[in-house]
Amino acid sequence: MNKESWQGWQYFLAIAQHGSLSSAAQQLKVSQPTLSRQLQALEQRLGHCLFNRSTQGLCLTEFGLSLLEECQSMQASAERLQRIAAGQQTSLQGSVRLAVNELLALYYLPKVLPAFMRAYPQLSLEVVVSNRASNLDKRDADVAIRMFEPRQLDLLCRKIYSLPLGFFASKAYLEQYGRPKDLAALFEHRVLGYDRDPQFEEGARQLGYEIKNHQFLFRCDFLPLQLELAKQGGGIVATHQTLAQQAGLEALVLDAKLPDLPIYLVCHRDVQYNKKIRVLMDFLADKLSDLFNGSGDQA
C-alpha cells in the first residue's frame with residue numbers, strides 16, 4: 001500500500017472517530033477543504049460512499065462501517081511498528097516526552113527536572129501537562145506519571161509512592177466559619193471542587209457517598225487554583241497532605257478518610273529498552289521517591 005492510500009485511510013479513521021470534517025481536520029492538522037478533497041478521492045477510488053452527509057455531521061455508511069474494524073487494525077499495527085522502532089534506539093540524542101498532571105507539574109517537577117537537564121544536556125525534554133491520561137499506544141508521550149494503577153497489559157508501570165490526601169483550609173477560614181465535624185457538615189461550607197471532571201464524584205462513590213459536582217459552592221477543574229484559593233481563605237480543599245502543609249493549611253478531622261493517592265511511572269512495553277526513556281524513568285523514580293519521602297527538597 002503506497003503512502004497516499006495509507007494517508008487516505010488515516011483520514012477516514014479520523015473522520016469516523018470525530019463525526020465531522022472540522023474536528024478531524026483539527027486533529028490531523030490539515031485544512032478542512034484538504035480533508036474533504038482527500039475523502040472524496042478515497043471514495044472515488046473505492047467506488048462507494050464511506051459517509052452519509054447531513055446537517056448533524058457525518059456518519060458511516062454500511063460500506064464504511066464494514067471497513068472500519070480492519071482499518072483500525074491497520075492503524076494499531078502502524079503505531080506498534082513505530083513503537084518497536086523507537087524501542088530499539090540506544091542514543092541519548094533527540095527528545096523524550098513526559099506526561100504529567102497539573103499539581104505534579106507545578107509543585108513537584110520543578111524541584112527535580114533541573115537536575116535531569118544538567119545530567120543529560122543533549123536531550124530535549126518535552127512535558128505535556130494535562131489531567132487526562134495520555135495515550136501511550138499512540139505515543140502522545142513516552143513516559144507518563146499517573147495517579148491511578150494502569151490496567152492495560154501492554155503498559156509497564158512502577159509504583160513510586162502513595163500520597164496521603166485530606167481536606168484542608170486556612171486558619172483564617174476556619175476561625176471565621178468553624179470546623180465541620182463530618183462529611184455532611186462539610187458541604188455546608190465552601191468546598192472548592194471540580195466542575196466537569198468526575199474524579200471527586202467517582203471517589204466519593206467508592207467510599208459509599210453520593211456527592212455531585214453541583215454541590216460545590218466553587219467549581220474549577222484547574223487544581224492549582226483550588227489550592228491557591230484555599231491559601232487565601234477561599235474555602236476547603238481536598239489535596240495532597242504535603243502540599244497543604246507547605247501552604248500552611250490546617251487538616252480537618254472528619255468521619256471519612258480519603259484513600260492515599262498512588263503514583264506510578266508508566267511507559268509502553270514496546271519502548272521499555274529505549275535508552276532515552278529508560279534514563280528518564282530511572283531518574284524520576286529515584287528523585288521523586290526522594291522528594292516524596294522528604295529527602296529530595298534540594299534536588
Side-chain angles (χ1 to χ4, degrees), residues 1-86 95 97-102 126-142 144 146 148 150-155 194-199 201-202 212-214 219-222 266-271:
M1 181 174 289
N2 61 40
K3 179 181 177 182
E4 181 184 358
S5 59
W6 170 232
Q7 186 179 66
W9 289 116
Q10 288 179 302
Y11 289 171
F12 163 70
L13 267 181
I15 298 168
Q17 290 166 354
H18 289 277
S20 77
L21 287 172
S22 58
S23 297
Q26 186 175 8
Q27 178 205 320
L28 294 166
K29 296 181 172 58
V30 300
S31 69
Q32 187 171 329
T34 296
L35 184 57
S36 180
R37 286 195 301 270
Q38 292 288 338
L39 174 59
Q40 290 173 9
L42 179 61
E43 290 178 324
Q44 287 172 1
R45 289 199 298 272
L46 296 172
H48 292 277
C49 287
L50 294 166
F51 296 93
N52 290 316
R53 280 80 166 167
S54 74
T55 56
Q56 306 303 314
L58 301 178
C59 64
L60 286 164
T61 62
E62 211 172 302
F63 176 72
L65 192 59
S66 71
L67 302 177
L68 182 62
E69 184 176 350
E70 193 63 34
C71 193
Q72 289 170 329
S73 297
M74 290 167 56
Q75 176 80 352
S77 295
E79 290 168 352
R80 185 161 191 267
L81 280 171
Q82 292 176 339
R83 290 194 305 269
I84 292 173
S95 63
R97 194 169 179 85
L98 170 66
V100 62
N101 75 9
E102 294 161 352
E126 303 169 354
V127 180
V128 183
V129 180
S130 174
N131 288 338
R132 294 187 177 185
S134 56
N135 190 326
L136 299 181
D137 285 341
K138 296 182 179 295
R139 299 203 66 207
D140 290 347
D142 299 309
R146 291 189 175 167
F148 59 91
R151 300 295 184 184
Q152 289 176 252
L153 296 178
D154 53 1
L155 296 184
Y194 289 100
D195 181 23
R196 298 182 180 179
D197 193 317
Q199 285 188 54
E201 295 179 346
E202 293 168 357
K212 297 298 182 182
N213 284 353
H214 66 76
R219 298 190 291 274
C220 179
D221 289 338
F222 184 55
V266 187
C267 76
H268 199 285
R269 190 176 299 275
D270 291 339
V271 299

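The first residue of the sequence shown is numbered 1, and numbering continues consecutively from there.
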Does Tyr11 have any ring pair (Phe, Tyr, Trp, His ring centres under 6.0 Å) partners at least two apart in sequence or in another chain, and if so, which?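 For Tyr11 there are no ring pair (Phe, Tyr, Trp, His ring centres under 6.0 Å) partners, ignoring immediate neighbours.
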Under the rule for ring pair (Phe, Tyr, Trp, His ring centres under 6.0 Å), what residues qualify as partners of Phe51, not counting sequence neighbours?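 Listed in chain order: Phe12.
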Do you know the tightest heavy-atom contact between [X] and [Y]?
{"X": "Ala99", "Y": "Ser134", "result": "CB-OG, 3.4 Å"}
{"X": "Val100", "Y": "Val127", "result": "CG1-CG1, 3.7 Å"}
{"X": "Ser95", "Y": "Asp142", "result": "O-OD2, 4.4 Å"}

Output all residues satisfying side chain to side chain donor-acceptor pair (under 3.5 Å) with Glu43, sequence neighbours left out; order by chain, then residue number.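 Result, side chain to side chain donor-acceptor pair (under 3.5 Å) vs Glu43: Arg53.
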List for me each residue that meets side chain to side chain donor-acceptor pair (under 3.5 Å) alongside Arg269, sequence neighbours excluded, and say none if there are none.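 Applying side chain to side chain donor-acceptor pair (under 3.5 Å) to Arg269 gives none.
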Test item: Leu60 and Leu68 side chains (from C-beta on) under 4.5 Å apart, heavy atoms: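 A side-chain contact exists here, since the closest heavy-atom pair is under 4.5 Å.
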Are the side chains of Leu155 and Arg146 in contact, using a 4.5 Å heavy-atom criterion?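 Yes, their side chains come closer than 4.5 Å.
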Which residue pairs satisfy the salt bridge (charged side-chain N to carboxylate O under 4.0 Å, His left out) criterion with at least one member in residues 63-77, sequence neighbours excluded?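 Qualifying pairs: none.
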Could you pull out all residues at least two apart from [X] that satisfy side chain to side chain contact (heavy atoms under 4.5 Å, CB included)?
{"X": "Leu46", "answer": "Trp9, Leu42, Leu50, Phe63, Leu67"}
{"X": "Ser36", "answer": "Leu21, Gln40"}
{"X": "Gln44", "answer": "none"}
{"X": "Asp221", "answer": "Tyr194, Asp195, Arg196, Asp197"}

Contacts of type salt bridge (charged side-chain N to carboxylate O under 4.0 Å, His left out), residue [X], not counting sequence neighbours:
{"X": "Arg97", "value": "Glu126"}
{"X": "Glu102", "value": "none"}
{"X": "Arg151", "value": "Glu149"}

Interatomic spacing from [atom1] in [X] to [atom2] in [Y] - rounded to 0.5 Å:
{"X": "Leu58", "Y": "Cys49", "atom1": "CG", "atom2": "SG", "result": "11.0 Å"}
{"X": "Ser20", "Y": "Gln32", "atom1": "OG", "atom2": "CD", "result": "7.5 Å"}
{"X": "Gln199", "Y": "Asn213", "atom1": "CD", "atom2": "CG", "result": "10.0 Å"}
{"X": "Leu28", "Y": "Ile15", "atom1": "CG", "atom2": "CD1", "result": "7.5 Å"}

Please determine whether the number of non-hydrogen atoms from other residues, nucleotides or ligands lying under 6.0 Å from atom CD of Gln26 exceeds 12.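 Counting other residues, nucleotides and ligands, CD of Gln26 stays at 12 neighbours or fewer.
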